[in-house]
Amino acid sequence: MGSAADALFETGQVLAEDSPQDEKRYLIVETDGGSRGNPGHAGYGALVRDPSTGKVIAEEARYLGKVSNNVAEYSGLVAGLKLVDSIDSACRILVRMDSKLAVEQMSGRWKIKHEDMRKLATEARSTVNPHRVRYEWIPREKNKDADRLSNEAMDAGEAGRDWTPTSKGPPPTATATATEPEVTRDKPSRAATGRFHHVELWVNNFSVAESSLGWMLERLGYQRGTSWSSGAAWNGAGEYIVIESGTDVESEAHRRRLPGLNHLAFRGGNRNEVDLLARRATSHGWSLMFADKHPHAGGADHYAAYLENEDGFEIEIVAD
């Protein structure tokens with residue numbers, strides 16, 4: 001990637017000299033950017049957080065048209081710095097991003113080769129005094145708010161409308177109507193007693209699987225639980241799913257057409273929620289399967305999105 005000597009900025013020019021825990025006030029900037037297709041429909045999200053309370057002070061998102069993921073990441077950084085500077089033009093700033101590339105480049109450790117990113121990095125440096133700023137890489141699961149904002153921007157742009165802030169969360173799932181027919185049986189049947197306990201998925205590279213499978217599970221309502229060096233568990237409503245790599249996993253690629261597990265299917269809410277999740281998944285390592293038959297690849301009365309990640313794992317998201 002290159003040394004600090006051939007980077008765009010000298011390390012001493014970029015890093016804040018003091019820790020953000022010094023006597024001066026500091027604010028946290030969290031940013032994210034994404035591109036559905038890379039390049040493709042892209043957007044960014046940026047927010048400013050009060051470190052003492054954890055409260056989000058301000059947030060911003062914007063659709064960028066069709067650009068690369070890296071350009072979207074840098075655009076979010078510039079927007080976040082402008083946003084925090086408008087709140088307090090003297091505070092220390094801790095920028096948190098899940099883009100290792102942007103963090104290392106802005107910290108002066110890696111070279112910036114792409115001209116568009118050089119321009120954006122220069123703009124970021126000129127937005128605020130670089131001595132006020134320190135950069136920190138965080139894993140994607142700790143950057144959920146900025147990720148949400150960037151996806152909201154892309155959703156709005158693809159729908160041909162402007163992004164507007166929302167605090168309402170995801171739309172409610174569809175509920176049964178009073179006109180739905182009741183199910184009747186000629187005679188009572190024995191109640192089912194089987195219960196799902198957990199599924200364990202073995203993968204070749206945990207960090208790669210985490211960025212797609214882990215992201216998907218969290219969007220479906222699973223909460224990350226126990227973690228270890230080669231895996232983690234995601235807890236659902238009683239059951240849990242483990243994603244794990246390690247020395248016991250053979251190096252062969254996953255092939256879902258072989259005998260064994262073909263795919264996992266999850267309830268995804270109403271049709272709008274399934275469509276939204278399928279669109280967002282394309283910027284997290286997933287591609288839509290059976291596009292010519294979507295969303296009825298499973299039959300005329302079955303509304304679902306079939307998705308496959310780069311490792312060949314398939315997930316079906318079914319609408320209520």
Trainee: Could you grab the distance from atom CG of Asp98 to atom CD of Glu136, nearest 0.5 Å is fine?
Mentor: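 If I round to the nearest 0.5 Å, the distance is 12.0 Å.
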Trainee: Using distance alone, with no hydrogens and no angle criterion, decide if Tyr63 and Glu158 have a side-chain donor and acceptor under 3.5 Å apart.
Mentor: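 Not at all, the side chains of Tyr63 and Glu158 share no donor-acceptor pair under 3.5 Å.
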Trainee: Can you tell me how far CZ of Phe266 sits from CE of Met216, rounded to the nearest 0.5 angstrom?
Mentor: 8.5 Å
Trainee: Applying side chain to side chain contact (heavy atoms under 4.5 Å, CB included) to Leu276 and Asn151, what does each step give before you reach the verdict?
Mentor: CA-CA 10 Å; Leu276 178 61; Asn151 276 287; over 6 Å; no
Trainee: Do other residues, nucleotides or ligands put more than 12 heavy atoms under 6.0 Å from Glu239 CD?
Mentor: yes
Trainee: Just do the side chain to side chain contact (heavy atoms under 4.5 Å, CB included) check on Leu83 and Ile57 with the steps written out, would you?
Mentor: CA-CA 10 Å; Leu83 190 61; Ile57 302 172; over 6 Å; no
Trainee: What are the two closest heavy atoms between Ile243 and Phe206, and how far apart are they?
Mentor: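 That closest heavy-atom pairing would be O-CE1, 3.5 Å.
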Trainee: Checking Gln223 now: which residues fulfil side-chain contact (heavy atoms from CB on, under 4.5 Å) with it, not counting sequence neighbours?
Mentor: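 Once residues adjacent in sequence are excluded, Gln223 has no partner under the side-chain contact (heavy atoms from CB on, under 4.5 Å) criterion.
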Trainee: Please enumerate all residues that pass salt bridge (Lys or Arg N to Asp or Glu O under 4.0 Å) together with Asp162, with sequence neighbours excluded.
Mentor: none
Trainee: Can you get from Val208 to Val249 by hopping between Ile, Leu, Val, Met, Phe, Trp and Tyr side chains that sit under 4.5 Å apart?
Mentor: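 Different clusters.
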Trainee: Is it possible for you to say whether Trp234 and Leu307 belong to one hydrophobic cluster, with membership spreading through side-chain heavy-atom contacts below 4.5 Å?
Mentor: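 Yes, one cluster joins them.
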Trainee: Closest heavy-atom contact between Lys82 and Thr127?
Mentor: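 Heavy-atom minimum between the residues: CG-CG2, 3.5 Å.
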Trainee: Considering only NZ, NE, NH1 and NH2 on the basic side and carboxylate oxygens on the acidic side, decide whether Asp155 and Arg148 come within less than 4.0 Å.
Mentor: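 Between Arg148 and Asp155 there is no salt bridge, as every charged N stays at least 4.0 Å from the carboxylate O atoms.
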Trainee: Rounded at 0.5 Å granularity, tell me how far CG in Leu264 sits from CZ in Phe313.
Mentor: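 Reported value, rounded in 0.5 Å steps: 9.0 Å.
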Trainee: If hydrophobic clusters are built by linking Ile, Leu, Val, Met, Phe, Trp and Tyr wherever their side-chain heavy atoms come under 4.5 Å apart, do Leu213 and Leu261 end up in the same one?
Mentor: yes
Trainee: Between Asn270 and Tyr303, do the side chains contain an N or O donor and an N or O acceptor separated by less than 3.5 Å?
Mentor: no
Trainee: Can you list every salt bridge (Lys or Arg N to Asp or Glu O under 4.0 Å) pair that touches residues 26-35, not counting sequence neighbours?
Mentor: Glu30-Arg49
Trainee: According to side-chain contact (heavy atoms from CB on, under 4.5 Å), who are the partners of Pro39, at least two apart in sequence or on a separate chain?
Mentor: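 Checked Pro39 against side-chain contact (heavy atoms from CB on, under 4.5 Å); zero matches.
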Trainee: Where is the tightest heavy-atom contact between Gly34 and Asn69, given as atom of each residue plus distance?
Mentor: CA-OD1, 3.3 Å
Trainee: Taking all atoms of both residues into account, what is the closest heavy-atom pair of Leu81 and Tyr135, and its distance?
Mentor: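 Heavy atoms of Leu81 and Tyr135 come nearest at CD1-OH, 4.1 Å.
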Trainee: Taking all non-hydrogen atoms of both residues into account, name the closest pair between Ala121 and Met106 and its distance.
Mentor: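 Smallest heavy-atom distance, with atoms named: CB-SD, 3.7 Å.
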Trainee: Sorted by first residue and then second, give each salt bridge (Lys or Arg N to Asp or Glu O under 4.0 Å) pair with at least one member in residues 201-210; sequence neighbours left out.
Mentor: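 Every pair satisfying salt bridge (Lys or Arg N to Asp or Glu O under 4.0 Å) with a residue in residues 201-210: Glu210-Arg224.
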Trainee: Could you see if Val133 belongs to whatever hydrophobic cluster contains Ile87? Use Ile, Leu, Val, Met, Phe, Trp, Tyr and a side-chain cutoff under 4.5 Å.
Mentor: yes
Trainee: Can you sort out the partners of Lys66 under salt bridge (Lys or Arg N to Asp or Glu O under 4.0 Å), two or more places apart, ordered by chain and number?
Mentor: none
Trainee: Mind checking the CD-CD spacing from Glu218 to Glu141? Nearest 0.5 Å is all I need.
Mentor: 6.0 Å
Trainee: Show me the side-chain donor-acceptor pairs of residues 196-203 shorter than 3.5 Å, one per line, residues at least two apart or across chains.
Mentor:
unit_1	atom_1	unit_2	atom_2	d
His198	ND1	Tyr240	OH	3.4
Glu200	OE2	Trp202	NE1	2.8

Trainee: What heavy-atom pair brings Ala305 and Ala278 nearest, and what distance separates the two atoms?
Mentor: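 Heavy atoms of Ala305 and Ala278 come nearest at CB-CB, 3.9 Å.
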Trainee: Are the side chain of Ser35 and the backbone N or O of Gly40 linked by a donor-acceptor pair below 3.5 Å?
Mentor: yes
Trainee: Provide the full list of side chain to side chain donor-acceptor pair (under 3.5 Å) pairs with a residue in residues 71-80, sequence neighbours left out, each pair given once.
Mentor: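 Only Tyr74-Gln105 qualify under side chain to side chain donor-acceptor pair (under 3.5 Å).
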Trainee: Give a yes or no answer on whether the side chain of Asn204 reaches the backbone of Glu252 with a donor-acceptor pair at less than 3.5 Å.
Mentor: yes
Trainee: Output all residues satisfying side-chain hydrogen bond (donor to acceptor under 3.5 Å, both in side chains) with His114, sequence neighbours left out; order by chain, then residue number.
Mentor: none
Trainee: Quick one: pull up CD in Glu244 and OG in Ser229 and give me the separation to the nearest 0.5 Å.
Mentor: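 Reported value, rounded in 0.5 Å steps: 9.0 Å.
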Trainee: Checking Arg132 side chain against Cys91 main chain: does a donor-acceptor pair fall under 3.5 Å?
Mentor: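 Such a contact is found between Arg132 side chain and Cys91 backbone.
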Trainee: Show the atom names and distances, to 0.1 Å, of all donor-acceptor pairs under 3.5 Å that link a side chain in residues 281-292 to residues at least two apart or in another chain.
Mentor:
unit_1	atom_1	unit_2	atom_2	d
Thr282	OG1	Arg279	O	2.7
Ser283	OG	Arg280	O	3.0
His284	ND1	Arg140	NH1	3.0
His284	NE2	Asp147	OD1	3.2
His284	NE2	Trp215	NE1	3.3
Trp286	NE1	Ser212	O	3.1
Ser287	OG	Glu308	O	3.3

Trainee: For Asn262, enumerate each residue passing the side-chain contact (heavy atoms from CB on, under 4.5 Å) test, keeping only those at least two apart in sequence or located in another chain.
Mentor: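 Expected list: Arg256, Glu314.
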Trainee: side-chain contact (heavy atoms from CB on, under 4.5 Å) with Ala153: which residues, sequence neighbours excluded?
Mentor: Ala61
